[in-house]
Structures are given as C-alpha cells and as structure tokens.
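Before any comments, here is the structure.
Side chains are part of it too, since the values below use all heavy atoms of this structure and drop only hydrogens, waters and symmetry mates. From a predicted model like this one, the values you see are computed outputs, not experimental measurements. Within every chain, numbering begins at 1; the chains are lettered A, B, ... in the order of the sequence lines, protein sequences first and strands thereafter.
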Number of protein chains: 2
Amino acid sequence: MNIGAAAKRTGLPAKTIRYYEEIGLIRPARDPNGYRDFSETDVHKLAFLGRARSFDFSIEDCRSLLALYEDSTRASGDVKRIAEGHLERIDAKLAELHEMRRTLSSLVDSCAGDNRPDCPILRDLASDPAGHG
Amino acid sequence: MNIGAAAKRTGLPAKTIRYYEEIGLIRPARDPNGYRDFSETDVHKLAFLGRARSFDFSIEDCRSLLALYEDSTRASGDVKRIAEGHLERIDAKLAELHEMRRTLSSLVDSCAGDNRPDCPILRDLASDPAGHG
DNA sequence: CTTGACCTTCCAGTAACTGGAAGCCCTATC
DNA sequence: GATAGGGCTTCCAGTTACTGGAAGGTCAAG
C-alpha cells in the first residue's frame, strides 16, 4: 500500500507518516521504485500512534506505548504508569487553564468594551505583580 | 538598570528579555559599553508582558495588547475583543482536555496495572478508529 | 508523448523560548 | 599589573511535532 492509501486509512497526513518513519516509529518496506509499501501491520501501528497522539501522549510516550503494544510479555503496570503520568500532566494543565479562565473571564466581564480607553483588563496586566500572589 | 536587575524585578529570565527585544517588544537603551540599560518604563512593559504571557496570550496578542496599553486614545473594545478571542481558545482547549481526561481516566481505572500483559489501555489505542466516533 | 496525480528527498519555518560557546567589561584582590 | 569572578554581549543550535514547499522521479491514461 502506498503512503497515500495508508494516510487515507489512518487519517494521518502523509507528511506525518514520513516523519514517523524518520524518527523510527515505523519501518515500512520499500518497493523497487523507492515508494514506501505499508503492510496491514504498519497501518495498525499508524492508527495506534494516531489514537495515542489524540490523547496528547508525547511522541516518546507513544514510542514506549507502541513497544509495549508489540511486546506480548509486557506488564500492564508499565502501560498504566505511562497513562497515569500523562493523566497527571493533563490534570495540571486543566487546573492551570481553569484558573486562567476564571481570572480572564472576570476581567472580560468587567470591561465595557466600548470606544473609551478605560480598561480593567489592561489595568490588571499593568498592575503590581505582588497583587497576583 | 542592567538586564540582571530587570530580570529580578520582573521575574523574567534574562534570556527571555533579550528575546523580547529581538522580536521588537521592547527597546531598552544601551550604555556606552553596550550593556542594555532598562528604564522604569521598560520594566513596566516587561512586567506587563510577563503577566499577559501568564494568561497564555500569544506573543502577537501581547504585542497588540502592549500597543493598546501605550495608546491613551485606545478603545477598550479592542482590548476586550482580543481577550474574548483568547478566552474562546482557552474554552476550546478546556473542552478538549476534559474529554481526553474523561476517556483516559476511565481506561486507567479499568487497567489492572499488574504484571500480566492484558491491558484495556492498549486495547483502546489499538482498536478500530470507527469505535471512537 | 504529454498531462496529472502520485511519490521521493531535502530544506526551511512554526512558537517561544532555552542552553551553551566565545568573548568583552568591571571590580576586587594579591 | 595579573588574575579571578560575575555579569554582560552576540550568535548558533536545540526543543516539539509537525507543516509547507521546491526539485525531481514514477506511473497510468489519453
């Protein structure tokens, strides 16, 4: 299967698939003409990577997960550890974004948004950093 | 004031301050020896940028906000529009992360995390993409 | 035999820094 | 006066995970 077909099958852009090969996540065979030739296994790996990336797992996490996926003697604890670590990062990001949203949203609400210069948003941004402790 | 002092005052790394000058966000004066010489105004601008960046405003948004901050004839509506746009991006990111967290967390919960190979997390990652809507 | 849709590689750019090398400036001490 | 230190300068490279684009080979259709 050519890269275009593999891209269609997995939903990944061809560019991304080439990139994944470049960094060693997959190793598709080559036709005599130099074209990549993707097996069903390659396509499954690509789909796996796409799904893992959709959870925002880093490429390095994806590499580890794929290795575990391919290792029939894996311990599910190793998979779980990676997922839990990632979940913690997601939770940290969520907390950060929630706090950001809370503050920014109240600033937006308090801004008249008219053609006068007075603006609580700018006042906050320009305020003494001690006030945000 | 030297860059080290400005860094201490604003909490921004010296590297970042140099970067902000490079991309034209600030224009500190120079001493005869070539050292940057930061005025109080420069420090205020840097603090403003630091606070805006802490809200995850992009550098280009920061540039616009700083320009508005410096323009006493600004319309607060212009500021508000930028903030609202950013708020929407934050909300979109929050929704995405929440959904991610929901799915990933239930997968983690269902994984035994022992030394056996069976793993619902890997099963999900490897599953038919049609199953994920 | 040419057109068009593929495919290939390689280089550059994205966002916002961060690390590090090579070297100048200034002060203090021996 | 030499030297050690800390701070300053510039410039180049690296980070993450791609993405865009140029130059050119391959292949099926007309």
Side-chain angles (χ1 to χ4, degrees), chain A residues 1-38 42-43 45-46 48-66 85-86 89-90 92-93 96-97 100, chain B residues 1-38 42-43 45-46 48-66 82 85-86 89-90 93 96-97 100:
Chain A
M1 181 182 343
N2 278 353
I3 197 168
K8 202 162 287 175
R9 283 275 301 277
T10 61
L12 294 173
K15 277 277 189 190
T16 298
I17 296 176
R18 287 194 197 97
Y19 174 68
Y20 286 173
E21 181 188 17
E22 189 188 325
I23 63 175
L25 287 177
I26 51 165
R27 265 180 208 296
R30 295 285 179 143
D31 283 338
N33 62 11
Y35 286 20
R36 291 172 182 79
D37 179 20
F38 295 83
D42 290 325
V43 169
K45 285 196 208 179
L46 286 171
F48 181 99
L49 291 169
R51 176 82 175 141
R53 288 290 301 132
S54 82
F55 280 113
D56 249 14
F57 278 107
S58 72
I59 288 285
E60 288 318 305
D61 275 354
C62 289
R63 195 188 299 279
S64 307
L65 290 169
L66 191 54
H86 186 49
R89 282 190 295 277
I90 290 176
K93 190 73 189 173
E96 190 191 336
L97 284 177
M100 236 180 236
Chain B
M1 181 183 341
N2 278 353
I3 198 169
K8 203 161 289 175
R9 284 274 302 277
T10 60
L12 294 173
K15 277 276 189 189
T16 299
I17 296 176
R18 287 194 196 98
Y19 174 68
Y20 286 173
E21 181 188 17
E22 189 187 323
I23 62 174
L25 288 176
I26 51 164
R27 265 181 207 295
R30 293 287 179 142
D31 284 337
N33 63 11
Y35 286 20
R36 289 172 182 79
D37 179 19
F38 295 84
D42 291 324
V43 169
K45 285 196 208 175
L46 286 172
F48 180 99
L49 291 169
R51 177 85 175 137
R53 288 290 297 134
S54 81
F55 281 112
D56 251 14
F57 279 109
S58 73
I59 287 286
E60 286 319 305
D61 275 354
C62 288
R63 196 188 298 278
S64 306
L65 290 169
L66 191 54
I82 293 174
H86 187 48
R89 281 190 295 276
I90 290 176
K93 189 74 188 172
E96 191 191 336
L97 284 178
M100 236 180 237

Under 4.0 angstrom, heavy atoms only, what part of the nucleic acid is B:F57 near: base, sugar-phosphate, or nothing?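 Nothing, no nucleic acid heavy atom in range.
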
Counting any heavy atom closer than 4.0 Å, what does B:I23 reach on the DNA or RNA strands: base, sugar-phosphate only, or nothing?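 B:I23: no heavy atom of the nucleic acid under 4.0 Å.
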
What are the two closest non-hydrogen atoms of A:L49 and A:Y20, and how far apart are they?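 In this case the closest contact between A:L49 and A:Y20 is CD1-CD1, 3.9 Å.
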
In whole angstroms, how far is the [atom2] atom of [N] from the [atom1] atom of [X]?
| X | N | atom1 | atom2 | value |
| --- | --- | --- | --- | --- |
| B:E22 | D:dA13 | CD | P | 14 Å |
| A:R53 | D:dT19 | CZ | C1' | 14 Å |
| B:I17 | D:dT9 | CD1 | C1' | 15 Å |
| A:N2 | D:dA28 | CG | P | 10 Å |
| B:D37 | D:dC8 | CG | P | 12 Å |
| A:R63 | D:dT16 | CZ | P | 11 Å |
| B:F38 | D:dC8 | CZ | P | 9 Å |
| A:I3 | C:dA5 | CD1 | P | 18 Å |

Using a cut-off of less than 4.0 Å, is there contact between a side-chain N or O of [X] and OP1 or OP2 of [N]?
| X | N | value |
| --- | --- | --- |
| B:R18 | C:dG19 | no |
| A:T16 | D:dA17 | no |
| B:Y20 | C:dA16 | no |
| A:R36 | C:dT8 | yes |

Which one, [options], comes nearest to the side chain of [X]?
| X | options | answer |
| --- | --- | --- |
| B:R30 | C:dT18, D:dT10, C:dC17 | D:dT10 |
| B:N33 | C:dC25, D:dA17, D:dG21 | C:dC25 |
| A:K15 | D:dT19, D:dC8, C:dT18 | D:dT19 |
| B:Y19 | C:dA16, C:dT8, D:dC18 | C:dA16 |

Taking the basic N atoms (NZ, or NE/NH1/NH2) and the acidic carboxylate oxygens, is any pair closer than 4.0 Å for [X] and [Y]?
| X | Y | result |
| --- | --- | --- |
| B:E96 | A:K93 | no |
| A:R63 | A:E60 | yes |
| B:R27 | B:E21 | no |

By nearest heavy atom, map B:S58 and B:Y35 onto DNA chain C; which one lands nearer the 5' end?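 Its nucleotide being nearer the 5' end, the pick is B:S58.
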
Heavy-atom side-chain proximity of A:L65 to A:F57 below 4.5 angstrom: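 Of all side-chain heavy-atom pairs linking A:F57 with A:L65, at least one is under 4.5 Å.
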
